[in-house]
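Everything on this sheet refers to the single structure shown next.
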Amino acid sequence: MSPIHFTFASAFMLSLTGLALNRSHLLSALICLEGMMLSLFIAIALWSLTMNSSSCSLAPMILLTFSACEASSGLALLVATTRTHGSDQLKNLNLLQC
């Protein structure tokens, strides 16, 4: 495994670990999700560069589009949660209280 592949794999795993273990605030969970998406984007972009094919070059742009949609919906949920509950702490959220 090359150092570049190890770097992106470790960045993805650190983001996944942060998402699994740090469940105090919604903002920290969203930042961990963005870290995972960005490491996947860079890994797929490098993969399409090494393959040297024009059919694989569209995949990173599609992933980046989905990542932008995920970020905007996450920020909308964060704003709505903060307005209704007063904070973004995940322990205060109760789905049965809608």
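Just so you know, these numbers come straight off a predicted model, no measurement behind them.
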Flag yes if [X] and [Y] sit in one hydrophobic cluster, no otherwise; membership is Ile, Leu, Val, Met, Phe, Trp, Tyr, and two members link when side-chain heavy atoms are under 4.5 Å apart.
| X | Y | answer |
| --- | --- | --- |
| Met13 | Met36 | yes |
| Val79 | Leu27 | no |
| Met61 | Leu46 | no |
| Phe66 | Leu58 | yes |
| Leu64 | Leu33 | yes |

Name of the residue among Leu30, Leu77, Leu26 meeting side-chain contact (heavy atoms from CB on, under 4.5 Å) with Asp88 |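 Option passing the side-chain contact (heavy atoms from CB on, under 4.5 Å) with Asp88: Leu26.
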Modelled atom types, side-chain donor and acceptor of His5 and Ser2, under 3.5 Å |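 Checked: His5/Ser2 side chains pair up, N/O donor to acceptor below 3.5 Å.
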Ignoring hydrogens, what is the shortest heavy-atom contact between [X] and [Y]? Give both atom names and the distance.
| X | Y | result |
| --- | --- | --- |
| Thr7 | Ser10 | O-OG, 2.9 Å |
| Ile44 | Ala59 | CG2-CB, 4.0 Å |
| Ile42 | Phe8 | CG2-CZ, 2.9 Å |

Interatomic distance, Thr17 atom OG1 to Phe12 atom CZ [nearest 0.5 angstrom] |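 It comes to 10.0 Å.
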Check for a donor-acceptor pair, side chain of Ser15 on one end and backbone N or O of Ala11 on the other, with a separation under 3.5 Å.
->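 Yes, Ser15 side chain to Ala11 backbone: donor-acceptor pair under 3.5 Å.
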Heavy-atom distance under 4.5 Å between the side chains of Met51 and Trp47, does that happen here?
->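 Side chain of Met51 against side chain of Trp47, heavy atoms only: contact under 4.5 Å found.
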Quick one: does Gln89's side chain get under 4.5 Å of Ser24's, heavy atoms only?
->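 With C-beta onward as the side chain, the pair stays apart.
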Residue pair Leu78, Leu75: steps toward the side-chain contact (heavy atoms from CB on, under 4.5 Å) verdict | CA-CA 5 Å; Leu78 178 69; Leu75 285 176; 4.2 Å; yes
In this structure, are over 12 heavy atoms from other groups packed under 6.0 Å from Ile4 atom CD1?
->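 Open: at most 12 neighbouring heavy atoms sit under 6.0 Å from CD1 of Ile4.
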